[in-house]
Amino acid sequence: TLTENKIVKNLTLNGGTLNLGDKVLTVLGDVKIGQNSTTYLNVNKGYLTCKNLTVYDWGIITMQDVNGLICVENNFVMSNNYGNSTLTAGTMEVGGDFTINPRYDSCFAASGSHKVILNGDSKQTVSFNAKCSYFNILELDNKSEEDVTIYMELEIDSIDQELLKYNHSNLNNSYLC
């Protein structure tokens, strides 16, 4: 558990649990979670900021507090295969591509009040390669004229239509529920 705000260059988590509590963890580079053993990132009321966030086979993210925040400047990639993350509250902001690519049936299955905001300054691509994955709330706040493109079949429980209208986003092969 973090006991104070921290700034680190890069962060690789392999095994165990990192609880952010209510602290700020600033990673100036990339975060990699769960490459070789079961690893939990519990965001709680904390704030994680990084360049890229990759969740490997054994990585699991838990966001269950409305105040929890993950800000990824560039790309978010989740390829976990051995456990589903718990995403029931909090916010993820992603400025680059958002990719879910498990080899099995593990999912990015957000619910409750969990929200993902795509807020890049250039074209962003969303790829869900798992039919069991879905956003709960997706906010498109891309500031470029290149759009947000969503590939693969996915389920969205809520989408902000005003932001969608202003950003000319492209929802290819997607189903809005």
Side-chain angles (χ1 to χ4, degrees), residues 5-13 18 20 23-33 41 43 45-56 59 61-63 65-80 85 87 89-102 107-110 112-130 133-177:
N5 297 337
K6 293 272 186 188
I7 299 173
V8 297
K9 184 176 179 182
N10 290 295
L11 179 65
T12 299
L13 300 172
L18 174 60
L20 297 184
K23 303 303 180 203
V24 176
L25 176 58
T26 302
V27 181
L28 302 175
D30 299 337
V31 175
K32 298 176 182 179
I33 302 172
L41 171 62
V43 178
K45 295 179 182 180
Y47 172 46
L48 168 67
T49 182
C50 61
K51 295 286 184 194
N52 295 289
L53 174 56
T54 303
V55 182
Y56 290 99
I61 297 176
T62 301
M63 297 184 76
D65 190 288
V66 68
N67 296 309
L69 180 61
I70 295 177
C71 290
V72 182
E73 184 178 321
N74 297 320
N75 300 320
F76 174 79
V77 177
M78 179 179 275
S79 62
N80 66 331
S85 291
L87 306 165
T91 302
M92 292 182 72
E93 296 182 5
V94 178
D97 293 339
F98 190 102
T99 304
I100 306 299
N101 192 27
C107 300
F108 181 95
S113 62
H114 189 270
K115 180 184 348 184
V116 173
I117 301 171
L118 300 177
N119 61 358
D121 293 327
S122 61
K123 180 179 176 136
Q124 290 181 267
T125 300
V126 176
S127 298
F128 273 59
N129 295 321
S133 292
Y134 52 87
F135 293 113
N136 180 50
I137 301 169
L138 174 61
E139 184 176 311
L140 303 176
D141 191 22
N142 184 283
K143 294 155 190 71
S144 77
E145 295 189 19
E146 297 181 75
D147 298 335
V148 172
T149 302
I150 299 177
Y151 294 100
M152 303 303 286
E153 182 176 323
L154 60 96
E155 180 178 322
I156 303 171
D157 288 339
S158 172
I159 190 164
D160 188 318
Q161 293 294 331
E162 288 301 308
L163 288 173
L164 180 64
K165 179 176 71 177
Y166 290 116
N167 286 290
H168 313 290
S169 298
N170 183 4
L171 300 175
N172 290 331
N173 301 317
S174 300
Y175 300 92
L176 301 180
C177 299

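One-based numbering along the sequence shown. Predicted model, so just to flag it, every value in this text is computed and none were measured.
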Participant: Just by distance, no angles: are the side chains of Asn52 and Asp30 close enough, under 3.5 Å, to form a donor-acceptor pair?
Facilitator: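 Note: Asn52 and Asp30 side chains meet the donor-acceptor criterion.
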
Participant: Exactly one of Val148, Asp97, Ile150, Thr125 should register a side chain to side chain contact (heavy atoms under 4.5 Å, CB included) with Leu118. Which one does?
Facilitator: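 Exactly one candidate clears the test, Val148.
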
Participant: For Lys23, I'd like to know if atom NZ has over 12 heavy atoms of other residues, nucleotides or ligands within 6.0 Å.
Facilitator: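 Result for NZ/Lys23: enclosed.
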
Participant: Roughly how far, to the nearest 0.5 Å, is the CG atom of Leu53 from the CD atom of Glu73?
Facilitator: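 These two atoms lie 13.0 Å from each other.
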
Participant: Taking C-beta and beyond as the side chain, do Phe76 and Ile100 meet within less than 4.5 Å on heavy atoms?
Facilitator: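 Heavy-atom side-chain distance check passes, below 4.5 Å.
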
Participant: To the closest 0.5 Å, what do you measure between CD1 (Ile137) and OG1 (Thr91)?
Facilitator: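 Spacing of CD1 (Ile137) from OG1 (Thr91) equals 8.0 Å.
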
Participant: Any side-chain heavy atom of Leu20 within less than 4.5 Å of one from Leu41?
Facilitator: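 Side chain of Leu20 against side chain of Leu41, heavy atoms only: contact under 4.5 Å found.
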
Participant: Give the intermediate values and the outcome of side-chain contact (heavy atoms from CB on, under 4.5 Å) for residues Leu25 and Leu11.
Facilitator: CA-CA 10 Å; Leu25 176 58; Leu11 179 65; 3.7 Å; yes

Participant: Which pair of non-hydrogen atoms, one from His114 and one from Ala89, has the smallest distance, and what is that distance?
Facilitator: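 Looking at all heavy atoms of both residues, the closest pair is CD2-O, 3.2 Å.
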
Participant: Is a side-chain donor or acceptor of Gln124 paired with a backbone partner of Val94 at a separation under 3.5 angstrom?
Facilitator: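 Judged by distance alone, yes, a pair lies under 3.5 Å.
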
Participant: Drop me the distance from Lys32's NZ to Thr12's OG1, to the nearest 0.5 angstrom.
Facilitator: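 With rounding to 0.5 Å, NZ (Lys32) is 5.5 Å from OG1 (Thr12).
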
Participant: Got a second to check how far Glu93's CD is from Cys71's SG, nearest 0.5 Å?
Facilitator: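 Answer rounded to 0.5 Å: 4.0 Å.
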
Participant: May I have the step-by-step check of side-chain contact (heavy atoms from CB on, under 4.5 Å) for Val43 and Asp65, ending in yes or no?
Facilitator: CA-CA 8 Å; Val43 178; Asp65 190 288; over 6 Å; no

Participant: Out of Asn5, Ile7, Leu48, Val8, which residue meets the side chain to side chain contact (heavy atoms under 4.5 Å, CB included) rule with Thr26?
Facilitator: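 Filter result, single survivor: Ile7.
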
Participant: Out of curiosity, Asn136 CG to Lys115 NZ, how far, rounded to the nearest 0.5 Å?
Facilitator: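 Rounded to the nearest 0.5 Å, the CG-NZ separation comes to 10.5 Å.
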
Participant: Does Val55 reach the side chain of Phe108, with side-chain heavy atoms less than 4.5 Å apart?
Facilitator: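 Counting from C-beta outward, Val55 and Phe108 never come under 4.5 Å.
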
Participant: Which word best sums up how the rings of Phe98 and Phe135 line up, parallel for under 30°, tilted for 30 to 60°, or perpendicular for over 60°?
Facilitator: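 Phe98 and Phe135: tilted rings.
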
Participant: Which distance, rounded to the nearest 0.5 Å, do you find between the CE of Met63 and the CE of Met92?
Facilitator: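 Taking CE in Met63 and CE in Met92, the distance rounds to 6.5 Å.
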
Participant: How far apart are the closest heavy atoms of Gly29 and Asn10, and which atoms are they?
Facilitator: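 Distance-wise, the nearest heavy atoms are CA-OD1, 3.2 Å.
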
Participant: Is there a donor in the side chain of Asn142 and an acceptor in the side chain of Ser144, or the other way round, less than 3.5 Å apart?
Facilitator: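 There is such a pair (donor and acceptor under 3.5 Å, judged by atom type) between the side chains of Asn142 and Ser144.
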
Participant: Between the side chain of Asn119 and the main-chain N/O of Asp141, is any donor-acceptor distance below 3.5 Å?
Facilitator: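 No.
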
Participant: Examine distances only and state if a side-chain atom of Asn74 and a backbone atom of Gly96 form a donor-acceptor pair shorter than 3.5 Å.
Facilitator: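 It does not hold such a pair.
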
Participant: Would you mind reporting whether Leu138 and Val126 have side-chain heavy atoms less than 4.5 Å apart?
Facilitator: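 Not in contact.
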
Participant: Show the nearest heavy-atom pair for residues Cys50 and Val31, with the distance to one decimal.
Facilitator: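 Scanning both residues, the minimum pair turns out to be CB-CG2, 3.7 Å.
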
